[in-house]
Student: 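First the structure, which I've put down as structure tokens, then a few questions once you've had a look.
All values below were derived from every heavy atom in this structure, side-chain atoms included, with hydrogens, water molecules and symmetry-related copies excluded. Numbered from 1 within each chain, the chains take letters A, B, ... in sequence-line order.
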2 protein chains.
Amino acid sequence: MVKLLNMNDLSKKQISKCEHCSLRHVCFPGGLSDDELGIFEGSISKVIKIKKKQKLFGRGDKLHAVYAIKAGSVKSFLTNPEDEQTQVLGFHLPGDLLGFDGFANQLHSCDVVAMEDSQLCELPVDNFEQLCEILPGLRKVMMQQVGNEISRHHSLVLTLGKMQTEERLATYLLRLSCYYKSRGYSCTEFNLPMPRHDLANFLGMAPETLSRMFARLEAAKVVTILRRQVVILDVQKLHDLSHELCRQPASD
Amino acid sequence: MVKLLNMNDLSKKQISKCEHCSLRHVCFPGGLSDDELGIFEGSISKVIKIKKKQKLFGRGDKLHAVYAIKAGSVKSFLTNPEDEQTQVLGFHLPGDLLGFDGFANQLHSCDVVAMEDSQLCELPVDNFEQLCEILPGLRKVMMQQVGNEISRHHSLVLTLGKMQTEERLATYLLRLSCYYKSRGYSCTEFNLPMPRHDLANFLGMAPETLSRMFARLEAAKVVTILRRQVVILDVQKLHDLSHELCRQPASD
DNA sequence: CGCCCAGTTGATTGCTATCAAGGAGGGTGG
DNA sequence: CCACCCTCCTTGATAGCAATCAACTGGGCG
């Protein structure tokens, strides 16, 4: 069906063109051939925009789509209904994929909200399953993403289970540094995408403790912190403190 | 090709027949139609047996296959080469699937060793990928398993990040109880598949602390412990202590 | 029978949570 | 444009939980 395009259609079309997206290589399309990409692009329903603090999906919501972050940042977390206590599970930045937690029983098992105004590419699960059938490359990418997510969680478990607070922070700063490097940004100067409160929660410590650890790292001339702006002064020392090898670029 | 079967062949054939496996419904075949199952069965290369303390695969090993536990129990863990420190990531019991951690880059990212003599069904990844192409049911099961694994990790992160030691133990005992129930065993009397050392490590505490928490639970008449034998006396109280809803049957 | 390892129990230290108060931006309204 | 407030963050003092060190107990196994 041929159809006239007005300006609106045109602009919509363009934002969902993976081909021109700077994140192409780290997102789903990264493992797709050009032919496959053509088919794939047609199935992204749209780019959705969510405002700061707005929820993308919540625990118990029906799995409707998987998402790729195009711009902005979001956090995922579990909330215990009884005592209002929450655990931040991860921070997700451009290029990250979201929503796999809903594959278990078609219901999301965690909440995801935007930490700032963000844009996400939405890929409805129905389309996704069909695409998996016809695009071998997509299955491969999918499996890689799953593997990455698992590895990331392993790392988080190690961090929470074995490290003390200073090590946890050092480890996370290195991880973030790797992320920015992998995206072509400076790996020594960057901004924390989240407030102290959330980062402390994620790292399993009190906000006060996080603040003290930042202060300690500054005193040791390892980093400088000004509000959310981080400058890594001594990567080696940070590594020594982290006691963990930064095995792979990752964002949470 | 018709071929004479000797006793050996026959027994080998039978152990890889998913159709007759008591774990069929919780394993890969659970989501497959009868037709699909026929195709699937042919691709399991073999049932492998590993002895206690023997390694199934290690970090850095090439991803060769995914595995389903048929009998026994194994643990997965990360080891930090620098300080010999390890973090147990999970305990895996019959019906559980293993090996997805290697999907990221075709290399396993953790170690897996047997806690007792065990049997596992091995499904080479090459076969697996081919099967995914032709068996929609397998893709579905695969996605479910992935979702489960993610949910389980979320839960573990919550446990390690937010709970104190008693809550962690209570939560884990309930989880184990759910597992046994889902497999048709008693949910109030069961054996711990792992030594104290490993359980303490998994739960992010010192073995001495674990011992004290067991003692505390016994003193509160919540459970009785004799070596590895656990009897849950008061499920409700255990629930209250755990501060977490047992959302789904899981084994780690 | 005795060794050895797993597990328990006790005493102490130390890290981190908690409670409390003070300071610094950023936004809003006057 | 300034004052105010509110949130985020930092800093200090205290308390509590769990790690560590150490000694002991009891099975399992050769």
Student: Provide, to the nearest angstrom, the distance between the CD atom belonging to A:E167 and the C1' atom belonging to C:dC15.
Tutor: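 In whole Å, C:dC15 C1' lies 12 Å from A:E167 CD.
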Student: What is the distance, to the nearest angstrom, from the CE atom on A:M205 to the C1' atom on C:dG14?
Tutor: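 The answer, rounded to whole Å, is 17 Å.
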Student: In whole Å, what is the span from the CG atom of B:D198 to the P atom of C:dA6?
Tutor: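 Taking atom P of C:dA6 as the reference, CG of B:D198 is at 10 Å.
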Student: If the helix axis at each end comes from five base pairs, how far does the helix from C:dC1-D:dG30 to C:dG30-D:dC1 deviate from straight, to 10°?
Tutor: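 Inter-axis angle at the ends, rounded: 40°.
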Student: Expressed in angstrom and rounded to an integer, what is the separation of B:R228 atom CZ from D:dG26 atom C1'?
Tutor: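 My rounded result for the distance is 15 Å.
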Student: For A:N201 and C:dA17, what is the distance between atoms CG and C1' respectively, to the nearest whole Å?
Tutor: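 So the two atoms are 14 Å apart, to the nearest Å.
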Student: Do B:R183 and B:D96 sit within salt-bridge range, that is, some charged N less than 4.0 Å from a carboxylate O?
Tutor: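 Salt bridge flag = yes for B:D96 with B:R183.
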Student: Taking the basic N atoms (NZ, or NE/NH1/NH2) and the acidic carboxylate oxygens, is any pair closer than 4.0 Å for B:K70 and B:D117?
Tutor: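 No, this pair does not count.
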Student: Please report the interatomic distance CD1(B:I48) to CD(B:E122), rounded to the nearest 0.5 Å.
Tutor: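 Answer rounded to 0.5 Å: 4.5 Å.
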Student: For A:H25, does the NE2 atom sit with more than 12 other heavy atoms under 6.0 Å from it, leaving out its own atoms?
Tutor: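 Correct, the count exceeds 12.
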Student: Can you measure A:H197 atom NE2 to C:dT18 atom C1' for me and round it to whole angstrom units?
Tutor: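 Value for this atom pair: 15 Å.
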Student: Report yes if the distance between the aromatic ring centroids of B:H154 and A:H153 is under 6.0 Å, otherwise no.
Tutor: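 Between A:H153 and B:H154, which both carry aromatic rings, the centre distance is below 6.0 Å.
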Student: With rounding to the nearest 0.5 Å, note down the distance linking OG in B:S211 to CZ in B:R196.
Tutor: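 Result: 7.0 Å between the selected atoms.
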Student: Could you give the CZ-to-P distance, from A:R216 to C:dG14, as a whole number of Å?
Tutor: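 Those two atoms, CZ and P, are 14 Å apart.
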Student: Could you check, using the six-membered ring where one of them is a Trp, whether B:F190 and B:Y185 have ring centers closer than 6.0 angstrom?
Tutor: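 No, ring centres 6.0 Å or more apart.
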Student: Sugar-phosphate means primed atoms, P, OP1 and OP2; the rest is base. With that split, encode nucleotides 10-17 of chain D 5' to 3' as B, S or - using protein heavy atoms under 4.0 Å.
Tutor: BBBB----
Student: Verify, without hydrogens or angle tests, whether B:Y180 (side chain) and B:N191 (backbone) share a donor-acceptor contact under 3.5 angstrom.
Tutor: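 Pair found, side chain donor or acceptor close to backbone of B:N191.
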Student: Among C:dT16, C:dA17, D:dC9, which nucleotide has an atom closest to any side-chain atom of A:M213?
Tutor: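 Per side-chain heavy atoms of A:M213, the pick is C:dT16.
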Student: Return the value, rounded to whole Å, for the distance between atom CG of B:L199 and atom C1' of C:dT8.
Tutor: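 Interatomic distance, CG of B:L199 to C1' of C:dT8: 15 Å.
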Student: Check whether B:N201 reaches the backbone of B:V88 with its side chain - one donor and one acceptor, N or O, closer than 3.5 Å.
Tutor: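 Yes: the side chain of B:N201 pairs with the backbone of B:V88.
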